[in-house]
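To start, the structure itself, in structure tokens.
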Amino acid sequence: MKERSDREWEDFYRTLDERVVYLVFEFLHNPKQPYEGIKSEKKPLVKLIRIGDDHAVAALIGLTRQFGRNLIQHDYIETQLYNIMFNFMSEFFSYDAVLPVYQFLYEQFLNRPEADRLRLSPWPNDANTVFKIIGIEYKNLLIAEDLGMVATYQQRREFFFWKYMGDRFEIIKEMTSALYENKWALTDHPKGLKWLIQNLNKTRPRNHKLNTEYL
């Protein structure tokens, strides 16, 4: 695949959504020391995860290719791409379309020789694993919908983002418990379900805020 110059990559980024362009160039202006506060919500690439649409994914794919010769930078960018990819696919593609879309992305962009990596590839190359990961994304979202936590696209994006930022295993465990109990009392577990709901409420109007004591 033909390599692009930095200028050509910048021209490509400028074709994307304005919010995405701003974050990409914020990263390009200071791409060093990426592992400081890797999950800080103030990091430009973490903000791309929060946006989570096709423009954000396209930008992250572009950055993995632009920084392909810098193993540390590539590893950091690819980690952010991995953190959003399967949620993005579960949100934007039907279950039947997921595998062919993923196979195309894997063959064209994601599959990279191990010698050109800082560590082993995170990307699955078999259909069963892909469907399993996508299935988990679908299931988590369905539980959130059944609990009345999300209804709109933006609410789904915020739910995914704060689940990613928090203790996702604890969050899903608590959501599953709440699903099968009437008026389940939220715990004060650090970055658990109560913490997630408090963050969801920050961007919701008063009449759409969730109860922070019971679910």
Side-chain angles (χ1 to χ4, degrees), residues 1-93 101-102 104-113 115-123 133 137 150 152-166 168 191 196 199-200 202-204:
M1 190 174 293
K2 178 181 177 296
E3 290 191 14
R4 300 187 184 195
S5 67
D6 287 345
R7 171 60 68 84
E8 288 175 317
W9 280 118
E10 290 174 7
D11 289 343
F12 164 70
Y13 300 136
R14 288 190 179 95
T15 67
L16 302 174
D17 179 82
E18 184 177 346
R19 296 177 303 161
V20 172
V21 175
Y22 177 85
L23 294 172
V24 169
F25 279 90
E26 182 182 347
F27 172 78
L28 291 175
H29 289 155
N30 186 25
K32 296 181 180 180
Q33 298 179 334
Y35 287 102
E36 288 186 5
I38 189 168
K39 285 185 74 172
S40 167
E41 60 186 277
K42 296 181 180 179
K43 289 278 189 179
L45 299 194
V46 174
K47 290 179 181 179
L48 287 180
I49 292 177
R50 190 171 190 173
I51 294 172
D53 62 10
D54 51 341
H55 290 252
V57 170
L60 287 167
I61 290 174
L63 288 169
T64 61
R65 293 185 58 196
Q66 183 179 1
F67 286 87
R69 294 182 180 276
N70 185 321
L71 297 189
I72 294 177
Q73 294 288 359
H74 177 272
D75 183 74
Y76 170 69
I77 299 164
E78 184 179 57
T79 298
Q80 309 314 309
L81 177 60
Y82 181 85
N83 286 335
I84 189 58
M85 178 62 77
F86 297 103
N87 177 263
F88 162 74
M89 295 187 70
S90 69
E91 181 72 52
F92 285 90
F93 299 98
V101 171
Y102 177 79
F104 171 80
L105 293 173
Y106 180 82
E107 292 168 4
Q108 295 296 318
F109 306 112
L110 307 177
N111 189 19
R112 180 179 168 92
D116 295 336
R117 290 183 171 280
L118 195 64
R119 52 184 170 170
L120 293 176
S121 171
W123 303 107
I133 297 173
E137 292 290 344
V150 298
T152 67
Y153 168 73
Q154 189 56 42
Q155 289 175 355
R156 293 196 299 271
R157 290 261 32 88
E158 288 291 285
F159 166 75
F160 169 78
F161 177 73
W162 290 111
K163 177 168 67 71
Y164 158 72
M165 295 294 287
R168 64 184 184 277
K191 294 195 173 183
L196 178 142
N199 280 289
L200 294 181
K202 290 178 181 178
T203 55
R204 295 190 179 193

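All values reported here derive from a predicted model rather than from experimental measurement.
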Looking at [Y], is its backbone amide N or carbonyl O close enough to the side chain of [X] to form a donor-acceptor pair, meaning the two atoms are under 3.5 Å apart?
X	Y	result
H74	N70	no
N83	T79	yes
E78	D75	no
R112	G68	yes
H55	D17	yes

Shortest non-hydrogen contact from [X] to [Y]?
X	Y	result
R157	R50	NE-O, 3.5 Å
E8	S5	OE1-N, 2.8 Å
I51	V20	CD1-CG2, 4.2 Å
V21	L16	CG2-O, 3.4 Å
S90	E137	OG-CB, 3.6 Å

Within the structure provided, determine whether [X] and [Y] are in side-chain contact (heavy-atom separation under 4.5 Å).
X	Y	answer
L81	V57	yes
L105	I61	yes
P44	Q80	no

- Message: Check the orientation of F161 and Y164. Use parallel for under 30°, tilted for 30 to 60°, and perpendicular for over 60°.
- Response: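 Tilted, since the angle between the ring planes falls between 30° and 60°.
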With rounding to the nearest 0.5 angstrom, report the [atom1] to [atom2] distance, [X] to [Y].
X	Y	atom1	atom2	answer
I77	F67	CD1	CZ	5.0 Å
T15	E10	OG1	CD	12.5 Å
F160	I84	CZ	CD1	4.0 Å
Y82	T64	OH	OG1	15.5 Å
I49	N87	CD1	CG	10.0 Å
K43	Y76	NZ	OH	5.0 Å

- Apply side chain to side chain contact (heavy atoms under 4.5 Å, CB included) to the pair L28 and D6, showing each step before the final yes or no. CA-CA 10 Å; L28 291 175; D6 287 345; over 6 Å; no
- Counting heavy atoms not belonging to Y22, are there more than 12 under 6.0 Å from its OH?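 Check fails, neighbour count at 12 or below.
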- Item | Worked check of side chain to side chain contact (heavy atoms under 4.5 Å, CB included) between F93 and Y102 | CA-CA 10 Å; F93 299 98; Y102 177 79; over 6 Å; no
- Task: Apply side chain to side chain contact (heavy atoms under 4.5 Å, CB included) to D53 and R19, showing your working.
- Result: CA-CA 11 Å; D53 62 10; R19 296 177 303 161; 4.0 Å; yes
- Message: Please evaluate residues R65 and E3 with respect to the criterion salt bridge (charged side-chain N to carboxylate O under 4.0 Å, His left out), reporting the C-alpha separation (whole Å), side-chain torsions for both, the decisive distance (0.1 Å), and the verdict.
- Response: CA-CA 8 Å; R65 293 185 58 196; E3 290 191 14; over 6 Å; no
- Passes ring-ring contact (aromatic ring centres under 6.0 Å, His included), F27 versus Y13? Steps please. CA-CA 12 Å; F27 172 78; Y13 300 136; 9.6 Å; no
- Task: Please test L200 against Q155 for side chain to side chain contact (heavy atoms under 4.5 Å, CB included), starting from the C-alpha separation and ending with a verdict.
- Result: CA-CA 8 Å; L200 294 181; Q155 289 175 355; over 6 Å; no
